[in-house]
Amino acid sequence: MKTPGKILMQVLESVGKKPATLNYPQEKPPMAKGFRGKLKFKPEACVGCMLCTKDCPSGAIQIKKLGEKQFQCEIDLSKCIYCAQCVESCARKALEYTDEFELANIDRGKLKIVYSAQPPANTQPPTNVQPSTNAQPQDPTQK
Amino acid sequence: MPNKIRKLPDSGDVQVPIGPQHPSLKEPESFLLTLRGEKITAASVRLGYNHRGIEKACEERTYIQDLYLIERVCGICSHAHLTCFVQAVEEIAAIEVPKRAQYIRVVVGELERIHSHLLWLGVAGHEIGFDTLLMYSWRDREIVMDILADLAGNRVHYGVTTYGGVKRDITPEQIKDVLKAVDTLEERTKYYIELAKNEETIIKRLSGVGMLKHDDALRLGAVGPTARAGGVDRDTRRDDPYAAYPEMKFKVVIDDHADVYGRTLVRMGELMEAYSIIRQALTNMPEGVFRVRAPRRIPAGEATGRYEAPRGEDVHYVKSNGSDKPERVKIRAPTLANIQAVTHMLEDRYLADMPIVVAAIDPCFSCTDRLIGIKDLRTDKKQTLDWDNLRLSGIKWYQKRGVDFSRLNEKLKRSFK
Ligand code: SF4
Ligand code: SF4
């Protein structure tokens with residue numbers, strides 16, 4: 001029968017139900033398996049082939065050579081589009097994505113993440129890792 | 001085109017610009033309507049407010065980088081655009097895509113259609129003031145979004161298709177999850193069809209609105225549900241099958257209402273077909289590899305990809321010159337094919353019908369926008385602006401009106417360096 005207000009039953013059925021929305025950020029949704037979030041770099045695996053830098057569609061990832069087999073990776077989270085092409089391009093599996101997604105920051109400098117290899121004990125620490133970029137050097141092996 | 005209301009001297013009709021800001025949908029496009037009282041006597045549309053230069057940008061990037069750029073032509077049909085482009089490149093490079101990958105492309109493509117049509121149903125409900133429908137259809141749409149996130153790693157830009165196959169395989173558990181979700185969605189869609197056929201508010205509001213009859217649809221080159229609602233029996237999935245569609249059994253849904261109501265029924269019918277296609281693809285999915293190696297340099301040649309996106313046929317033309325960057329990319333998004341029909345549909349209708357008529361083609365203006373050439377009407381001189389000059393002329397325009405943005409501009413420039 002054609003009548004207006006057909007959807008009313010649906011509405012009434014929903015009255016006692018709990019809301020379809022989540023109480024974020026108190027309640028965090030589980031991220032899907034394989035979700036492409038913030039990247040992680042394993043300096044010990046990198047061989048400096050630069051394929052990740054070449055393939056990155058947004059120029060978000062830079063690899064710098066610190067010394068013999070020592071590479072540092074700088075990722076600009078404000079440029080990264082979380083496409084994981086770099087993860088795919090890396091034959092050495094030096095890059096991987098995590099399910100971290102709460103990356104907003106009002107300080108632009110904090111969006112630059114530097115993953116640095118531990119400099120060998122007998123050399124000077126590289127000059128290009130500086131706190132002046134507001135970067136937070138992180139050692140993923142200690143995470 | 002003057003962007004102000006004016007009275008036409010001879011007929012007494014009034015010209016009213018609608019847009020470019022928020023002309024019913026939240027995307028910029030400009031419509032100029034000529035009104036006699038409440039009735040629209042003539043309508044024209046002007047594209048170009050959302051031009052992003054994607055085609056040009058593609059030529060500057062490698063094929064691999066283009067995957068992500070092409071995907072961003074549209075947020076809703078991201079898989080459609082990407083697959084269409086990749087198909088063209090694969091044709092040039094003569095890459096044989098494994099069967100399993102073809103099936104996965106179909107599954108994701110149909111899930112995307114479900115997501116798009118449910119989204120449209122909500123938008124259409126909203127445009128006719130039926131927000132209850134918006135809330136329920138978008139709640140149900142979350143089911144398919146979650147499934148897509150699970151399969152692809154993201155809710156919106158899935159990035160599933162790549163040259164030579166797909167990036168991720170589907171596991172048996174995922175197949176189970178998808179089948180379960182499809183069952184729930186099918187139940188819900190049956191309810192919406194029931195609702196669309198019996199709810200008088202919907203029938204009365206949508207019937208006879210935005211008429212586009214069979215012949216007009218053909219003449220104006222309409223595609224997708226917009227054309228099929230007028231009885232045009234066309235669907236790229238059947239007429240020029242790609243991926244695993246040759247092995248799928250499905251019906252092309254057509255309707256003879258030729259109005260917005262017909263378009264609603266067509267989209268709902270397509271949802272039911274999509275569920276059936278997904279079931280077929282998942283149960284008959286062949287074993288084997290899901291990806292083959294593709295070269296970084298694509299041999300010289302040209303090809304056209306065709307794909308039935310949720311909004312209609314999408315066409316990508318790619319020309320390669322043997323390097324790792326395409327020489328030319330041309331995108332014809334379905335909205336560009338349908339936008340001419342909108343002006344026809346608006347004529348002789350009431351002004352209040354405009355939002356739903358525009359929304360009924362399910363437009364995506366950012367996919368559609370093209371380069372604007374600036375022509376000085378007095379001197380007939382043509383001019384092209386690059387970014388910096390465009391910004392400069394914007395600043396000058398505001399300076400004349402007493403607002404100075406130059407300092408802010410400098411600051412922004414510095415912070416983006
Ligand atoms: S995820 Fe994509 S955008 Fe981000 S660094 Fe890797 S390749 Fe670049
Ligand atoms: S692709 Fe991998 S190995 Fe090569 S530079 Fe990047 S992180 Fe290092």
Side-chain angles (χ1 to χ4, degrees), chain A residues 1-15 17-22 29-37 39 51-61 76 78-91 96-99 101 106-109 111-112 133-134, chain B residues 57 61-72 125 130-133 135-140 142-143 145-159 162 167-169 171 173-174 177 188 191-192 194-205 291 296 324 415-417:
Chain A
M1 196 183 53
K2 288 188 181 131
T3 47
K6 272 261 168 203
I7 208 166
L8 198 64
M9 277 312 287
Q10 271 285 298
V11 179
L12 292 177
E13 271 171 33
S14 309
V15 168
K17 284 192 189 151
K18 74 176 193 8
T21 45
L22 269 186
M31 293 321 279
K33 245 195 3 239
F35 172 77
R36 304 188 295 262
L39 291 167
L51 273 184
C52 51
T53 318
K54 184 169 178 268
D55 285 346
C56 175
S58 57
I61 184 165
D76 189 341
S78 64
K79 284 187 184 164
C80 180
I81 56 170
Y82 306 96
C83 62
Q85 176 60 45
C86 51
V87 178
E88 200 165 296
S89 298
C90 180
E96 59 182 47
Y97 44 79
T98 62
D99 62 2
F101 67 97
I106 44 169
D107 184 349
R108 199 170 267 271
L111 292 172
K112 285 221 171 75
T133 56
N134 270 342
Chain B
R61 287 166 174 75
T62 63
Y63 283 99
I64 290 182
Q65 291 172 326
D66 284 345
L67 285 176
Y68 304 96
L69 192 60
I70 289 286
E71 202 174 27
R72 279 155 183 81
F130 194 2
D131 277 329
T132 322
L133 184 60
M135 294 294 168
Y136 283 113
S137 58
W138 282 33
R139 179 195 68 187
D140 297 335
E142 280 307 300
I143 303 174
M145 300 301 279
D146 286 346
I147 283 292
L148 280 166
D150 192 39
L151 291 183
N154 215 327
R155 281 163 60 92
V156 179
H157 292 301
Y158 327 114
T162 187
K167 283 196 199 133
R168 295 182 185 200
D169 200 5
T171 63
E173 293 88 72
Q174 282 173 328
D177 289 347
R188 295 300 304 162
Y191 172 74
Y192 291 126
E194 183 60 26
L195 194 71
K197 287 194 172 147
N198 292 306
E199 167 71 61
E200 222 175 354
T201 328
I202 297 183
I203 303 172
K204 285 236 160 100
R205 184 67 188 85
R291 188 173 179 179
R296 276 177 182 263
D324 60 351
S415 80
F416 274 103
K417 275 233 167 92

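Proteins come first, then strands; the chains are lettered A, B, ... in the order of their sequence lines, and each starts at number 1.
- At a 4.5 Å heavy-atom cutoff, B:Y63 makes no contact with chain A through either its backbone or its side chain.
- No side-chain heavy atom of A:K6 sits under 4.5 Å from any side-chain heavy atom of B:I202.
- You'll find the side chain of B:E71 stays beyond 4.5 Å of the side chain of A:I81, heavy atoms only.
- Atom CE of B:M135 has 12 or fewer neighbouring heavy atoms from other residues, nucleotides or ligands inside a 6.0 Å radius.
- Top candidate by heavy-atom pairs under 4.5 Å with chain A, chosen from B:Q174, B:K204, B:R61, B:R72, is B:R72.
- Nearest approach of B:A152 to A:R36, heavy atoms of both residues: O-NH1, 2.9 Å.
- Heavy-atom pairs under 4.5 Å with chain A were tallied for B:K197, B:R296, B:E194; the largest tally goes to B:R296.
- To the nearest 0.5 Å, atom CG of residue B:L69 and atom OG of residue A:S58 are 11.0 Å apart.
- Of the two parts of A:Q10, the backbone and the side chain both hold a non-hydrogen atom closer than 4.5 Å to a non-hydrogen atom of chain B.
- Residue B:R168 comes nearest to A:Y97 through the heavy atom pair NH2-OH, 3.1 Å, listed as atom of the first residue, atom of the second, then distance.
- Inter-residue side-chain proximity for A:K54 and B:D324 is flagged as met; some heavy-atom pair is nearer than 4.5 Å.
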Carefully, step by step, assess B:R291 and A:E88 under the rule salt bridge (Lys or Arg N to Asp or Glu O under 4.0 Å).
CA-CA 13 Å; B:R291 188 173 179 179; A:E88 200 165 296; 2.9 Å; yes
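- Separating the SG atom in A:C83 from the CG atom in B:L67 is a distance of 9.0 Å, to the nearest 0.5 Å.
- Closest approach of B:A149 to A:A32, counting heavy atoms only: O-CB, 3.6 Å.
- Within the 4.5 Å cutoff, the side chain of A:D55 has no heavy atoms near those of the B:Y68 side chain.
- Across every non-hydrogen atom of B:R139 and A:S14, the tightest pair is NH1-OG, 4.4 Å.
- Separating the CG atom in B:L195 from the CE atom in A:M9 is a distance of 13.0 Å, to the nearest 0.5 Å.
- When all heavy atoms of B:Y136 and A:I7 are compared, the pair lying nearest together is CD1-CD1, 4.2 Å.
- Between chain B and the residues A:S78, A:G37, A:P57, the most heavy-atom pairs under 4.5 angstrom are made by A:P57.
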